[in-house]
Structure formats: C-alpha cells, structure tokens
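This one's a predicted model, so the numbers in the text were calculated from it and none came from an experiment. Chain naming here is simple, since letters A, B, ... match the order of the sequence lines and numbering starts at 1 in each.
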Amino acid sequence: MSVEITPPYTEDQLAGDNVSKKDLVTFLQSSASIEFQTEHKLKGAVKNVAKTRTKEQLIADYKELFDTKNFKQPGEDEKEEERKKKATESLTEKTKKLDLKDEPQTPPKYTKYVLKKGNKINYPRPGDTVLCYYVGKMPDGTVFDTNSEMRAGQKKKKQQPLKFKVGTGQVIRGWDEGIQKMSLGETAELRIEAEWAYGRKGLEGKIPPNSALVFEVELVGIE
Amino acid sequence: MATTNIETSSTVVESTLIQEVVELLEAVKTKPAVKMIKDPANIDRVKEAAWDLVPQLCSFLTSERELETVSVVCACEEILQYLSDVGNAKELLLVLLEQADMFKDDIKFKALLRPVQRCLQRLPSRKGNPIGIALETLCAHIQELPLPEDYQLEDAERQLLEADETVRRICSCVTAILTFIKPFAEEVSWKNRHTDTSKTATRTSNKQVKELMGHLMKILSHPLAFIDLSVTDSSSISRGRECAERLVTFMSYLHADFHKALVQILEDNHAIEKEQKRTKEQQKDSPADMDELDTLIAEPVSKLGLGTFAYLVFGENLCSDNVPCVYRLEYLFEFNLPFMNALLETPESMVRLKGVALFVSLLEHMPALTLSSHLLEFAPMKQLLQNLLHVIVYCPPKDIRQSAVKGLSSLLQKFELAGRYMLILILLKSSTHAGVTGYVIQLLKNEIDRNLKSDQLNAFFCGSQLEKLLRLIFTLPEGVETDLLDQSECVMAALNLLRYLVLRDKPSEDFTGIWQQIPRLQEVYCGPLQTAIDMSHAHYALDIERTAKGECMADSSLETSLSVSGHVMPEMDDKQRMSLLTTALHTFDMMQSILSRVTELIDIQRKTQLENSA
C-alpha cells in the first residue's frame, strides 16, 4: 500500500516568511516515514528540531521527501510509539530494580530494644533534624565511639549531642531507619547488622569488616 | 610639683639601669647582665624599667647576632622571660606585641613567644580578646613565611624536601607557634570545659575556641598545605608531619566532633561572605562606620586550610576518633567534595597530592555500587571530575597522576550501574586527551564484559544506551585526516573494544546490539580509518626514506621551534628523528593489524551464522 501526498507549499511559499521552520517540521513529522525522519534528524519535539536545523536544510528535506516519496505508512506511528514505550519500560524496569534495593519492603536489618520510653507523640520524620546522645559498642561490649562519656564523679553528657538530618542518607542505614521508630526522650538499643552499618569493609582502624554494631541511642531533640 | 620630681628621678634610675644592662650586653658580659636584672634588690627598678627595656633587648634578637654571639641572644631571652614573670602583664603584653609587629626575624619571633604566652597567662582578666590579638600578630609572621619551590618531586624523592631550607624554617617556626598555642587550646578543651558552666565563661571559651580554630586553619593553609605531611616510613616521622599531628591534636581538644566543627565553619563562612558582600555594596553608597569595620575583621576560613584539615583527618586518619562512627561513607564522600576540589585546584604538586590522597582514601572502604547516579548532577562532583582529569593529564609527578587514574577507576566501581553509565558518558564527552579517552574506553569494555557475564543483562550496557556511548567512541575527530599518532591511544582502545565485541557477542545473539551497528561502523569508522592508516603510513615511510638520504624536509625551511613550559626544546638530530619516525610506523602497523583482525572476525562470525542458519 503506497501513500501519496501532494506538496502543501509551493517553491515561492517556501522561500517566503509565511512558512516557518516549525510549520515545515510539523509537516515533515506527520508525513515522512520514521526512517526518513531518523535519517534527517527530524525526530523529537517540534521546537527542538526547529532549533537545530536551518530553514535551508528543512526545505532540502522537504524537497527530498517528495523526490523519494518516502512517506509515512499507515500504522507506522503506532509501531514507533510501541518501540519507544518498550525502550523506556525496559529502562525504568532496570532502574526500578536498582531502586528496589532501597525500598523499605526488605526486612529491616536491625532490632530495636526500648530501654527508656519516650513521649510516644513526637517521632522524627525524614528531613527533620534530630539531636542524640549515643554509645557505639561492638557486639562484645567494647565501646568504639560515644558522645556521652561517663567519667568517674561526673555527670554524663558534657559533650554536645550529635545532630543530623533524618532519612537523607547522612548516617548509616540502621540509624536512619531506627531513629524514625523512636519518640522524643526515648532511649533505645539498636542492634544493627553489618549490612546496614559499615558492611563488608568496615571502617579503617575502628570497625572490622562484616561487623554488627550495637548503639545505645537517646533521642533528646527534634528540630 | 613634688610628684613631678619623683617621676623624673625614677626615670633617671630606670634609664641608668637600662643603660647598664645594654652596655653589659654589648660587651658580651651576659652573666652580669642577667644577674643584675634578676637581683632581688633591683626588682622594683626592673618592674619600672620593663616597658623601656623590652625594645632595647629586642634589638639584640637578630639572626646575625645569633651567629656572632649566641650567648647574648640567650641572655636577652632569659631576661625577657624574667620580665614576663614579674612585670605588669598587661603593659608588657602591649610592648611585646608591638615588637612582634615591627619587623620579622625568626630569632625575635621565637624569643617573643614565651614571654607573650606568659603575660597572657598572667593577665587578671581576658577582656577585649587579648589572645585573639596576640594570635593575629604572631601568626602574621607564619603567614609571611616563604613557601618551598615546587620541585615536582615523586614518591620517595619527597623526603628530600625535609632538607630544604625553606621547609626547615617553616617547620621550626610552626613548631614554635604550636608550643605557644598549646596551653590556650588545653584551657578550653571540651574534656575540661565543664568546670565553669556560667554563661559568660562559656561565651568566652567559645570565642577562644573559634579564635584558635581559625588560626590553626590558617597555619594549615599556609604553609603546611605546601609541605609533605604524609608518613612514608613509619620508623621516622618528618618534622612537617610532627607539626600536623600536634596541630590536629589541638583541634581535637577544641572540637569533640570534627564533622560538626566543619559544618559550623562552612555555615559561618557562608554568613561572613554574605556579610562582606553586603558591606561592600553599602560602602559604595556611604562611608563605612565603626560597626561595619568590626564585621570586616572576621574573615572566612580558607578553603585550602579546610582541605588540608580534611586530608589529615579523612586521608591520614589523624584524630579520626573525633568523627562520629555513624555517618555513611557516601555521605562523607559528598561532604568532602569541596575540600577535595580546593586541594586539586591548587597548582602546587604538594597540595594536589593531598587532594588525590583524600579522594582515594574516602573511596577505599566504600563497597561497590554504593553511590547514586544523582551525585553526578551535583556541581561539586562535576567539578571534581574536571579537576581529576586535569591532574591525570597535566600534573608533572607521575605517581600523583597514577593514583588519580587508579582513583578514577575506583570511583566508577563505587557507582551503581546507572551512575557508571553516566560517568563514562561524562568522561567521554569531556576528555580532550587521547590517553584519557583510551583509558575510559578500556573501563567501558570492562563494564560490558561484566554485563555479558552477569545473569541478567543491564540495559545501560547494551542496546540503544550502549550505542550512544559507542557513537562517541567510534569516530575520527577529523575524518581521514585525523592525526593518528596523536590519537593512537584512543584509536587502539576503540579497536580493541570492537574486536572484543565482535568476538564475544555472536551475530545470532547480538546481546550488545553491536551487530546492528556493524554496517554503519564499517562505513563511518573502519573505512575512513583504513584510509587514514594508509595515508599516514605512506607519509611517514616517505619521511624515513628522505631522512635516510639526508634530504632536507620540505617544511624545515620554516622557522619553527617547540617550547615546553617556557623552555625551547632543541632541534631533533637525524638519529632522533629516525627513531621517532620508525616508532610511528610501528604504531600504524599495530593499528592496521587490529583493524584487519576486526574485519576478518566480522566476516568469520557472519559466515558461521549463515552456516548455522542453513
């Protein structure tokens, strides 16, 4: 089945100012075959194509289209749409798969034990800034880091509390998610598996590879 | 009237005392001079005379004097020390600082440090920020120390810097100022800060912390950033490293949490810059009043200082206990981007070395596939890539370039697949150096290989997405006239990739989509490349022939010269020229051989496919 189209513009009209680049692109996109469009870089938003091609080029394309009669066949648009859809689908699928990693659907790799109840009203939400005191211990109880040192004869908490934005990836995942389950004033123990802490490689000089961590966290403020 | 008389008489007494001491010192009779000052009977006279004695003593504190009669310098130091113990601390501080401000000699600088320190410690009240003023005056000397020349040293050669006169001077002066700073840093250490918790006390100590932190950062940015602070050999620690370790230790007294300290400094910097901009604009309209002058005194902490600090903490793990063990590695990487950039952007190789080391060590413990592709849209990250590429191509010391190259491939591994794809795309688009492009092509080849070996194909490294990258790779910048010698690393890598693809991926399967592109590639790449190789080969073969015959080159009548960083390179002699031309021919032969192999493989693979389908 062949398609015949009569040229909508005469030579003089083409040369004049009445026919804009956009008119030509619109016409070429609706009439030329996909193959022709690809070859002549006519695909894409009309505005963008008009920007990248000169009028002379478009007129040449226009003439060539009628010389070669490489017109769009019925059904070609649908096919093209389908192809595009597939391409983006496969891409979004892939990216989705990557994103899935971060979906909270995977079972949490930490356990929380409440040591002191909080007010059970204010829970930090992603984006909130929280203030906390913490003691970080290895599973065998060795303290590797803390900001609430207990020293003989002194009250604790002389240091300033740790401050960070919740749910934005600043802190290890066990913290980022665990803290959202705590309410203001609560003290909890977070036992975090290596995967949600410092993982396979650990932290130089501080945390050995594949190490689970235990944090005693006190949530003292939400901003 | 009576009071005036007393004053005059006491002035006379003082001036004779001063005169006598000066005369004794001039005569190198140091012991009697010291004895005279320290004589308990003279204590009141000495106290009175201290103000006028200091400038006289200071005139003896010069490098020349030290070489001639070191005992006089020592005696002066001893007397100054004594004065600072017994004299009026406030008055002495003023006169000592005035001396420190006057002219700069290392001997005088060092001699004044202890007396100033002592006076500050003896001050009954610290109103009016005396420590800040003293630091400002004394650190000015450090800021004026000349920097060592950039010798572009490599690896172990850098240890030689230790012997450089400028470096030794830097280390000795910095050691001295750090000894001066030590008690003031300890005083406000967070470990003892709870002793006085009243509001004013906290405010003064906070101010002191800020003041000290600012000056320590300044010392880092100049001069420490420009000398070697790494440990190459654990048995001996360089003096520069020693300074760095002490300095960071003092900082660890000031801030329990380095990350928080950096965040605070960045916020302050931002506010100060904003304020400066505002006052500048206002000044245009009206002359500055006193309030505005006050705000002008505050200056932002230099980026180079911050960068050097980040390098020492995150790259060299100094006092890394002061960084809470709760941050994600990818966050710390992102957080450090501006610091890495500050270091990499500075042309001196000693600074760049630190930038690369910081970059490499932040990636070291990060698992693969951690970084999100969104990071690549972040301006400091884009900047980092450009800085890295610049170091890889232009940084003279080879070891720095090599670790930057290693770092780049490590960075690629840390990104998730979408990020890897984007990173390769960015690098291909922004690289202007054939060697770098060649290396990126190699990295891409590894990614394609990993993809083909995995159970599930990833869309980024096959089909239309891959095609986008391949279009950038299989292209000759100037068609058949491309300078193949210049582009050889890029062309060879591209041909290797093509050979790998047609060998690894069967036309019947076409996982990568390469076979769909083969007809186009043959037309736009392989064909023109063949012509280019033929042309270049013929051209160089002719050159060789002519050189062998001793003929002058047609274009050698042109007056041309080549200069590398300002030095004119000598003309090549015939022997050099010959060897250069022969090497070029070899390069073309190699290209030819791979290109032929690729063409052959394409035919074989297609034939096998036809046979199989038949």
- Task: Just do the side-chain contact (heavy atoms from CB on, under 4.5 Å) check on Leu162(A) and Asp257(B) with the steps written out, would you?
- Result: CA-CA 8 Å; Leu162(A) 178 82; Asp257(B) 180 342; 3.8 Å; yes
- Answer with side chain, backbone, both or neither: which region of Ser372(B) has an atom nearer than 4.5 Å to a non-hydrogen atom of chain A?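 Neither part.
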- Could you tell me which portion of Glu364(B) (side chain, backbone, both or neither) has an atom closer than 4.5 angstrom to a non-hydrogen atom of chain A?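 For Glu364(B), heavy atoms of backbone and side chain both lie under 4.5 Å from chain A.
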Separation between [atom1] of [X] and [atom2] of [Y], rounded to the nearest 0.5 Å:
X	Y	atom1	atom2	result
Cys325(B)	Trp175(A)	SG	CH2	10.5 Å
Lys163(A)	Gln264(B)	NZ	CD	7.5 Å
Leu203(A)	Leu332(B)	CG	CG	8.5 Å
Leu329(B)	Glu204(A)	CG	CD	11.0 Å

- Side chains of Asp145(A) and Pro324(B): does their closest heavy-atom pair fall under 4.5 Å?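 Of all side-chain heavy-atom pairs linking Pro324(B) with Asp145(A), at least one is under 4.5 Å.
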- Query: Quick one: are Val326(B) and Phe164(A) in side-chain contact, heavy atoms under 4.5 Å?
  - Reply: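 No. Closest side-chain heavy atoms not under 4.5 Å.
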- Message: Tell me whether Lys260(B) contacts the main-chain N or O of Gln160(A) through its side chain, where contact means a donor paired with an acceptor under 3.5 Å.
- Response: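 The answer is no, because no donor-acceptor pair under 3.5 Å joins these two groups.
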- Message: Please check this pair: side chain of Arg328(B) against backbone of Val171(A), looking for a donor-acceptor N/O pair closer than 3.5 Å.
- Response: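 Looks like yes, one N/O pair under 3.5 Å.
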- Task: Can you tell which part of Ile207(A) gets under 4.5 Å to a heavy atom of chain B, answering side chain, backbone, both or neither?
- Result: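 The side chain, not the backbone.
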- More than 12 heavy atoms of other residues, nucleotides or ligands under 6.0 Å from CD of Glu35(A): is that the case?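 12 or below, so no.
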- Query: Within a reach of under 6.0 Å around CD of Gln522(B), are more than 12 heavy atoms found that belong to other residues, nucleotides or ligands?
  - Reply: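 Yes - once you tally the heavy atoms of other residues, nucleotides and ligands closer than 6.0 Å, there are more than 12.
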